[in-house]
Amino acid sequence: MVIPHSSSHPRAVRDLLKPTLPVSLRTCWINGSYVSEADAHVSIFDRSVLFGDGVYEVAAVFNGRLLDADRHLVRLERSMREIALPAPASSAELEAVMQELATRNGITEGLVYLQVTRGAAERDFAFPDHVQPTVFAFARPKKLSDDPNQHGIRVHVVPDIRWQRCDIKSTAMLAQVLAKQAARQAGAFEAMMHEDGLVTEGGSSNLWIVRDGIAYTRPLSRDILAGITRHVCLDVADEAQVSVVQRAFTVEQAINADECFITSATSFVLPVTRIDEHVVGNGAPGPVTLRMRDAYLARAHRLTT
Ligand code: PDD
């Protein structure tokens with residue numbers, strides 16, 4: 001089929017129709033092979049395409065090395081177990097692939113994304129009898145140590161409309177897509193999701209507040225993802241001289257907090273200085289947040305150099 005390359009197409013469609021490929025293509029990995037991103041394809045019958053039937057991980061690359069890959073792969077194993085998806089390879093093999101992608105693509109700071117899906121089969125909601133999981137991974141650079149957002153971000157409050165197993169790192173993320181798009185349209189970097197006023201988490205991060213020198217973060221449950229960065233922050237809290245209480249907080253308490261911050265593998269620790277039109281504290285990154293970010297970065301350097 002020949003699709004006319006006409007200027008009457010909307011811009012996104014015109015971009016898809018561009019005749020030339022970008023000069024530099026990444027090396028990706030799919031079902032056991034390293035391939036150019038131009039050759040990394042999944043079937044239209046893949047269950048992650050049809051149903052979001054898959055799970056994933058995102059790990060940071062720092063100083064050219066994967067950060068906390070072991071913890072990410074333990075979480076991936078758990079996500080696969082929870083949706084009865086057979087592991088396509090051992091954690092050690094997947095970790096080696098993730099590191100190799102960072103190396104082959106010359107990434108010193110960035111991230112590696114890995115997805116496992118139930119595979120391609122005739123469309124049927126229940127699991128197909130004979131199906132091979134699809135597994136793929138790619139890497140991309142991103143500034144982590146010198147993130148321009150380290151000076152403070154705005155979050156936008158939205159209701160959490162997700163399902164009841166937010167502890168599974170599922171690729172079915174339409175609710176987060178809508179939350180983060182609403183945030184972007186509101187001029188915010190991240191969404192602050194809540195259920196009846198009680199903060200659950202960010203669109204793709206965990207949320208924290210600080211009141212009278214104590215940092216609060218929601219305890220783990222099926223309502224939030226067990227963030228690896230959140231866990232590492234609990235581990236380095238002593239070094240950062242931060243007392244932490246795992247307790248849920250409301251949007252109102254976040255607005256009136258002394259400090260607020262988010263944590264994720266791709267942002268580490270970032271200060272939240274605005275919640276919609278409200279200024280948090282004095283509008284500058286607070287001391288507890290900065291100590292936590294510094295301790296996180298110091299540990300990341302120790303582990304990767
Ligand atoms: N997201 N909560 C949600 C809903 C997330 O999607 C993420 C991470 C986190 C933080 O988890 P961690 O510290 O392990 O990155 C919390 C990744 C970064 C993503 O989807 O891109």
Side-chain angles (χ1 to χ4, degrees), residues 48 52 54-62 66-79 82 95 98 109-116 136-144 147 149 153 155-156 158-184 189-195 198-208 215 217-237 244 246 248 260-270 272 292-293 295-297 299-300 303:
S48 69
V55 292
Y56 77 106
E57 274 303 324
V58 181
V61 179
F62 201 62
L66 279 180
L67 200 53
D68 295 308
D70 48 347
R71 296 186 189 208
H72 284 281
L73 287 158
V74 166
R75 187 172 64 185
L76 180 72
E77 274 180 1
R78 177 180 183 277
S79 293
E82 292 297 314
E95 179 174 341
M98 293 170 85
E109 277 193 20
L111 59 95
V112 180
Y113 177 101
L114 175 82
Q115 179 169 332
V116 185
F136 60 84
F138 60 84
R140 64 185 265 201
K142 182 177 190 292
K143 278 190 177 184
L144 295 170
D147 190 328
N149 286 316
I153 60 163
V155 295
H156 174 57
V158 295
D160 191 339
I161 60 167
R162 296 177 301 166
W163 69 330
Q164 292 173 11
R165 290 304 307 272
C166 297
D167 56 314
I168 299 172
K169 203 160 170 57
S170 155
T171 57
M173 285 196 291
L174 193 49
Q176 285 104 307
V177 166
L178 296 177
K180 289 182 77 98
Q181 177 60 18
R184 180 175 294 175
F189 174 75
E190 175 59 303
M192 173 181 272
M193 300 194 288
H194 72 91
E195 263 174 8
L198 212 55
V199 172
T200 49
E201 58 186 332
S204 59
S205 59
N206 290 112
L207 273 159
W208 302 62
T217 192
R218 190 175 169 118
L220 296 184
S221 71
R222 292 181 168 194
D223 298 334
I224 64 168
L225 184 74
I228 305 300
T229 320
R230 173 190 177 281
H231 196 168
V232 170
C233 284
L234 296 175
D235 291 350
V236 299
V244 179
Q246 297 188 57
C260 180
F261 61 93
I262 63 165
T263 55
S264 84
T266 52
S267 58
F268 291 178
V269 176
L270 288 182
V272 174
M292 194 67 108
R293 181 172 168 85
Y296 188 92
L297 280 165
R299 172 184 175 276
L303 290 179

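Keep in mind that what you see is a predicted model, and the values were worked out from it rather than measured. Residues take their numbers from the sequence shown, with the count starting at 1. Counting convention: from 1, in listed order, for ligands and their atoms alike.
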Using a cut-off of under 3.5 Å, which N/O atoms of ligand 1 pair up with protein N/O atoms, and what distance separates each pair?
residue, atom, partner, partner atom, Å
ligand 1, 1 (N), K169, NZ, 3.2
ligand 1, 2 (N), E201, OE1, 2.7
ligand 1, 13 (O), I228, N, 3.3
ligand 1, 13 (O), T229, N, 2.9
ligand 1, 13 (O), T229, OG1, 2.6
ligand 1, 14 (O), R75, NH1, 2.9
ligand 1, 14 (O), R75, NH2, 3.0
ligand 1, 14 (O), I228, N, 2.8
ligand 1, 15 (O), A265, N, 2.8
ligand 1, 20 (O), Y56, OH, 2.6

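- Scanning for salt bridge (charged side-chain N to carboxylate O under 4.0 Å, His left out) contacts around R184 gives an empty result, with sequence neighbours left out.
- Not counting sequence neighbours, E77 has no partner by the salt bridge (charged side-chain N to carboxylate O under 4.0 Å, His left out) test.
- Salt bridge status for E201 with R162: present, with a side-chain N to carboxylate O gap under 4.0 Å.
- Using a 4.5 Å heavy-atom cutoff, the side chains of V244 and W208 are in contact.
- Salt bridge status for D68 with R299: present, with a side-chain N to carboxylate O gap under 4.0 Å.
- Residues passing the salt bridge (charged side-chain N to carboxylate O under 4.0 Å, His left out) test with D147, sequence neighbours excluded: K142.
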